[in-house]
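Have a look at the structure below before the remarks.
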Amino acid sequence: MKREPKLLRRAFFNRDPRIVSPELLGKLIVRSDGRKKIAGRIVEVEAYLGADDLAAHAAAGRTARNAVLWGPPGHAYIYFIYGVHYCLNVSCLPDGEAGGILIRALEPVSGIREMAKARELADLDPTMPHELRKLTSGPGRLAEALSITRPRDNGKDMVAAESDLQVMDDGYKVEEVAVTPRIGITKSAELPLRYVIAGNAFVSGKPQRLKPDFKKQR
DNA sequence: GAGGAGATCGTCT
DNA sequence: GACGATCTCCTCT
């Protein structure tokens, strides 16, 4: 099933975020740190649109802060929030049109020790599922785990071969996508623009109660 | 287990 | 000068 990860093409992101979001689930975010690869599988995203979407940073028009959202597709838009956290988005749509996808949660795939160190959870036990969740189950958490910051990564091309922050496809197939309203916003809060891999344990928020018929996934 | 508050700063009004 | 696409810790039940 899975194969050697391949870089996504820019054309993948040159579409409406609502189209790209569900397809982005199951792909890998890969941080190259020297020889080390730190990777996580995308299990939760939110689409943010342009002027019509009041919750989007692009809604107020183009500013120095959100310029990446208006630029070419496949680039990293990193913003700083609550004076504490960074969050990672990938720009969508062609140069001149605003749109992006917030990466809200990852399932750790490789470099778990490095993630734990970056999160200052050095004594975390990677064999305990509820401990692993603390690494990347939330936008602020995953940015910290991958050492993503605005000064370092904003505007970075995520589909360039030489980039140290990339989006890749290893052939993983998502079985079921669930769609819900977005989290933590007040404007346009009713729009169903949050996409998650149904039943995945690394989705942010309170751990989902597993249904009795839930088949443990591999 | 649930709920609330504090942290802390860039960005825009 | 206000506030935000969040997380953690603390208190109360």
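Residue numbering restarts at 1 for every chain, and letters A, B, ... go by the order of the sequence lines.
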Answer yes or no: does a side-chain N or O of A:R150 lie under 4.0 Å from OP1 or OP2 of B:dC9? no
Taken to the nearest whole Å, CZ/A:F80 to P/B:dC12 is 15 Å
Would you say that A:F202 contacts A:L135 through its side chain, given a criterion of any heavy-atom pair below 4.5 Å between the two side chains?
no
Value for CG (A:D169) from CZ (A:R3), rounded to nearest 0.5 Å, stands at 4.5 Å
Here the distance between atom C1' of C:dA5 and atom CG of A:L69, to the nearest Å, is 11 Å
Per-residue pairing states of DNA chain C in dot-bracket (Watson-Crick or G-U under 3.5 Å; . unpaired, | other strand) read ||||.|||||||.
Regarding the side chain of A:N89, the nearest nucleotide among B:dA7, C:dA5, C:dC7 is C:dA5
When rounded to whole Å, the CZ to P distance for the pair A:R133 and C:dC7 reads 11 Å
Of the candidates B:dA7, C:dG4, C:dC7, the side chain of A:P139 sits closest to C:dC7
A:I183 CD1 to C:dT6 C1', in whole Å, measures 12 Å
dist A:K27:NZ -> A:M168:CE (nearest 0.5 Å) comes out at 12.5 Å
- [ ] Evaluate the criterion salt bridge (charged side-chain N to carboxylate O under 4.0 Å, His left out) for residue pair A:K36 and A:D33; output intermediate values, then yes/no.
- [x] CA-CA 5 Å; A:K36 289 202 183 100; A:D33 199 4; over 6 Å; no
Rounded to whole Å, CD of A:E46 lies from C1' of C:dG4 at a distance of 14 Å
Note: for A:A60 and A:I81 on DNA chain B, the residue whose nearest nucleotide lies more 5' is A:I81
Taken to the nearest 0.5 Å, the spacing of A:R18 CZ from A:L49 CG works out to 4.5 Å
Rounded to whole Å, the OH-P distance (A:Y86 to B:dT8) equals 14 Å
Which of B:dT8, C:dA5, B:dT11 is nearest the side chain of A:Y79? It is C:dA5
Between A:V84 and A:N66, the residue closer to the 5' end of DNA chain B by nearest nucleotide is A:V84
Whole-Å distance, A:L49 CG to C:dA5 P, equals 14 Å
Write down the distance separating the P atoms in B:dG3 and C:dA5, rounded off to the nearest Å. 22 Å
So what does A:R182 hit on the nucleic acid, given a heavy-atom distance under 4.0 Å: a base, only sugar-phosphate, or nothing? nothing
Short side-chain N/O contact from A:T63 to OP1 or OP2 of B:dC12, under 4.0 Å | yes
Value for CD1 (A:I103) from CD1 (A:I42), rounded to nearest 0.5 Å, stands at 4.0 Å
Just call it for A:G83: base, sugar-phosphate, or nothing, with non-hydrogen atoms closer than 4.0 Å on any strand.
-> base
Q) If you count the non-hydrogen atoms of other residues, nucleotides and ligands that lie under 6.0 Å from CZ in A:R113, is the total more than 12? A) no
Ranking C:dC7, B:dT11, B:dG10 by distance to the side chain of A:R119, first place goes to C:dC7
Would the number of heavy atoms belonging to other residues, nucleotides or ligands and lying under 6.0 Å from CD of A:E190 be above 12?
yes
A:Y82 has its side chain closest, among B:dA7, B:dT11, C:dC7, to B:dA7
